[in-house]
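Taking it in order: structure first as structure tokens, then the write-up.
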Amino acid sequence: MLSPMKIKFSIIGCGRIAQRHAEHIHRQGELVSVCDIDPEKAKTLGEKYGVPFYSSIETLLTRSPSTDVVSVCTPNYLHGDHTLKALHAGKHVICEKPMALSVEDCQRMNDTAAQTGKRLFIVKQNRFNPPVIAVKKLLDEKRLGALHGVALNCFWNRDPQYYTESSWKGSREKDGGVLFTQFSHFIDLLYWFLGDIAEIKGYAANLQHGGCIEFEDTGVISARWTSGVLGTIHYTVNSFRQNMEGSITLFGEKGTVKVGGQYLNELDYQNIDNYRISDLAAGNPANHYGGYQGSMSNHDKVYENVIAALRGGQSFLASGYEGQKTVEIINTIYSSITKL
């Protein structure tokens, strides 16, 4: 348990999402250092907050002994390696999604956290969306009765420029695929709501991004959960010009409810026996990254939760083991579907 003094954070990776992390660290804790292999990115973020900046994680860990927590904001394929280095250096870690690209890397990260006695937090900010919280409460209280069906729709836009301007996005080895980079939060919520998937069938294809990505841009999946729930997962980054919808609809014997909007940020439909969700908080806007948008910007709540957990006041909402489950499900999907 850490003292009431401000918790000290360092950031690894100074790209777009790191700006969001730095903003909330500055408000709720203390940013003490940053690093990026691109010296200009590290310098820009470091100078903005008046902290030392470095070009390697090894240098940062050596020269920032006061750091309590390292926030890993690097590309997907580096999450495992950077998390392990921070844990071995005696730091707690906040790791951006996806936790890693392989189950084996996730297991190493969790094992190392246990061996070093440090906490591993995975960013799952959509769990803080007001309608998502309300639906989770419905499920915990069994107000929908026995669940029979679920439909996940992820209809977003990522144009070819999004991939061609990046040194790693679109690479199977470094990015992993659409379910890792765009929609891992949605897969996490399916697990949070319904538990493990038992069986998966489906198809995936690259329909509009030939030449700029090494994986699918569209997938259509049918699934059976271990609980017996039947459902579909339909995802694409081919929505014309802009994001259209990110939604989960649940069908139960005592009610139907849909969390929708573009980012699971709206309660689109409810018809529940003797119950009504009301007075939802407005929630935060989506993350804006110039030419495209991501999920809702709940990193403020992520940091509130991390700081409270480190001070012993509450449990963390998404542990390393839950992060591993998301990666397990995504890899099961990719190994089970037919690629056209």
Quick check: do [X] and [Y] have side-chain heavy atoms less than 4.5 Å from each other?
X      : Y      : answer
Ile7   : Arg311 : yes
Leu194 : Leu147 : yes
Ile12  : Ile57  : yes
Asn157 : Val237 : no
Ser66  : Glu30  : no
Gln125 : Lys301 : no
Val150 : Thr249 : no
Val257 : Tyr269 : no

Notebook entry, point to check: Which residues satisfy the side chain to side chain donor-acceptor pair (under 3.5 Å) test with Lys174, sequence neighbours excluded?
Noted result: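 Checked Lys174 against side chain to side chain donor-acceptor pair (under 3.5 Å); zero matches.
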Same cluster or not: [X] versus [Y], using hydrophobic residues (I, L, V, M, F, W, Y) connected whenever any side-chain heavy atoms lie under 4.5 Å apart?
X      : Y      : answer
Leu230 : Ile248 : no
Val103 : Ile187 : yes
Leu84  : Val70  : yes
Ile200 : Leu189 : yes
Ile197 : Val229 : yes

Distance-only donor-acceptor check, side chains [X] and [Y], under 3.5 Å:
X      : Y      : answer
Tyr263 : His185 : no
Ser33  : Ser10  : yes
Asn271 : Thr256 : no
Thr332 : Ser335 : no
Glu253 : His148 : no
Thr326 : Lys124 : yes
Ser55  : Asp36  : no
Gln107 : Gln324 : yes
Glu304 : His299 : no
Asn298 : Asn129 : yes
Tyr54  : Thr62  : no

Backbone N or O of [Y] within a donor-acceptor pair of the [X] side chain at under 3.5 Å?
X      : Y      : result
Thr67  : Ser64  : yes
Asn153 : Gly246 : no
Gln270 : Ile277 : yes
Asn76  : Asp175 : yes

Quick one: [atom1] on [X] to [atom2] on [Y], what's the gap to the nearest 0.5 Å?
X      : Y      : atom1 : atom2 : answer
Cys35  : Ile11  : SG    : CD1   : 10.0 Å
Thr83  : Lys91  : OG1   : NZ    : 14.5 Å
Phe183 : Asn126 : CZ    : CG    : 11.5 Å
Ile122 : Tyr321 : CD1   : OH    : 11.0 Å
Asp300 : Ile25  : CG    : CD1   : 12.5 Å

Next item on the list: Check ring-ring contact (aromatic ring centres under 6.0 Å, His included) between Tyr49 and all other residues, then give those that pass, not counting sequence neighbours.
Entry: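 Here the qualifying residues are His26.
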Checklist line | Partners meeting ring-ring contact (aromatic ring centres under 6.0 Å, His included) with His79 (sequence neighbours left out) | finding: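 His79 satisfies ring-ring contact (aromatic ring centres under 6.0 Å, His included) with no other residue.
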Margin query: Applying side-chain hydrogen bond (donor to acceptor under 3.5 Å, both in side chains) as the test, list every pair that has at least one member in residues 207-235; sequence neighbours left out.
Written below: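 Qualifying pairs: Glu199-Arg224, His209-Asp217, His209-Asn238, Glu216-Tyr235, Glu216-Tyr334, Asp217-Asn238, Thr218-Thr236, Thr218-Asn238.
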Next item on the list: With sequence neighbours left out, write down each residue that passes salt bridge (Lys or Arg N to Asp or Glu O under 4.0 Å) with Asp140, or none if nothing qualifies.
Entry: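 Testing Asp140 for salt bridge (Lys or Arg N to Asp or Glu O under 4.0 Å), a comparison that skips the adjacent residues, returns Lys136.
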Less than 4.0 Å between a side-chain N and a carboxylate O, is that true for [Y] and [X]?
X      : Y      : result
Lys43  : Glu40  : no
Arg127 : Asp188 : yes
Arg108 : Asp111 : no
Arg63  : Glu58  : no
Glu322 : Lys325 : no

Checklist line | Met99: which of Asp105, Val72, Leu120, Val123 passes side chain to side chain contact (heavy atoms under 4.5 Å, CB included) | finding: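 Per the side chain to side chain contact (heavy atoms under 4.5 Å, CB included) rule, the option paired with Met99 is Leu120, out of Asp105, Val72, Leu120, Val123.
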Check: Are Tyr163 and Trp168 close enough that their ring centres sit under 6.0 Å apart?
Finding: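 So the answer is no for these two rings.
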Checklist line | Glu141 atom CD, over 12 foreign heavy atoms within 6.0 Å | finding: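 Yes, enclosed.
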Note to self: With a sphere of 6.0 Å drawn around NZ of Lys339, does it hold more than 12 non-hydrogen atoms of other residues, nucleotides or ligands?
What the structure shows: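 For Lys339, atom NZ is crowded (more than 12 foreign heavy atoms under 6.0 Å).
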Notebook entry, point to check: Does the pair Arg27 and Tyr303 meet the rule for a side-chain contact (heavy atoms from CB on, under 4.5 Å), with working shown?
Noted result: CA-CA 10 Å; Arg27 290 177 179 174; Tyr303 275 93; over 6 Å; no
Item checked: Test log, rule side-chain contact (heavy atoms from CB on, under 4.5 Å), inputs Phe9 and Ile307 -> CA-CA 11 Å; Phe9 294 84; Ile307 289 169; 4.1 Å; yes
Check: Mind checking who shares a hydrophobic cluster with Ile37, ILVMFWY linked at side-chain heavy-atom distances under 4.5 Å?
Finding: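 ILVMFWY cluster around Ile37 holds nothing else.
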Check: Passes side-chain contact (heavy atoms from CB on, under 4.5 Å), Val327 versus Leu101? Steps please.
Finding: CA-CA 7 Å; Val327 174; Leu101 297 180; over 6 Å; no
Next item on the list: Quick one: sort the Phe121 and His92 rings into parallel, tilted or perpendicular, breaks at 30° and 60°.
Entry: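 Aromatic pair Phe121/His92 classed tilted.
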Checklist line | Phe186 and its ring pair (Phe, Tyr, Trp, His ring centres under 6.0 Å) partner, picked from Trp192, Tyr191, Trp156, Phe180 | finding: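 Option passing the ring pair (Phe, Tyr, Trp, His ring centres under 6.0 Å) with Phe186: Trp156.
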Next item on the list: Using the side chain to side chain donor-acceptor pair (under 3.5 Å) rule, take Ser247 and Glu245 through it: C-alpha gap first, then chi angles, then the decisive distance, then the call.
Entry: CA-CA 6 Å; Ser247 69; Glu245 176 180 338; 2.5 Å; yes
Next item on the list: May I have the step-by-step check of side-chain contact (heavy atoms from CB on, under 4.5 Å) for Arg119 and Ser319, ending in yes or no?
Entry: CA-CA 8 Å; Arg119 303 288 296 276; Ser319 68; over 6 Å; no
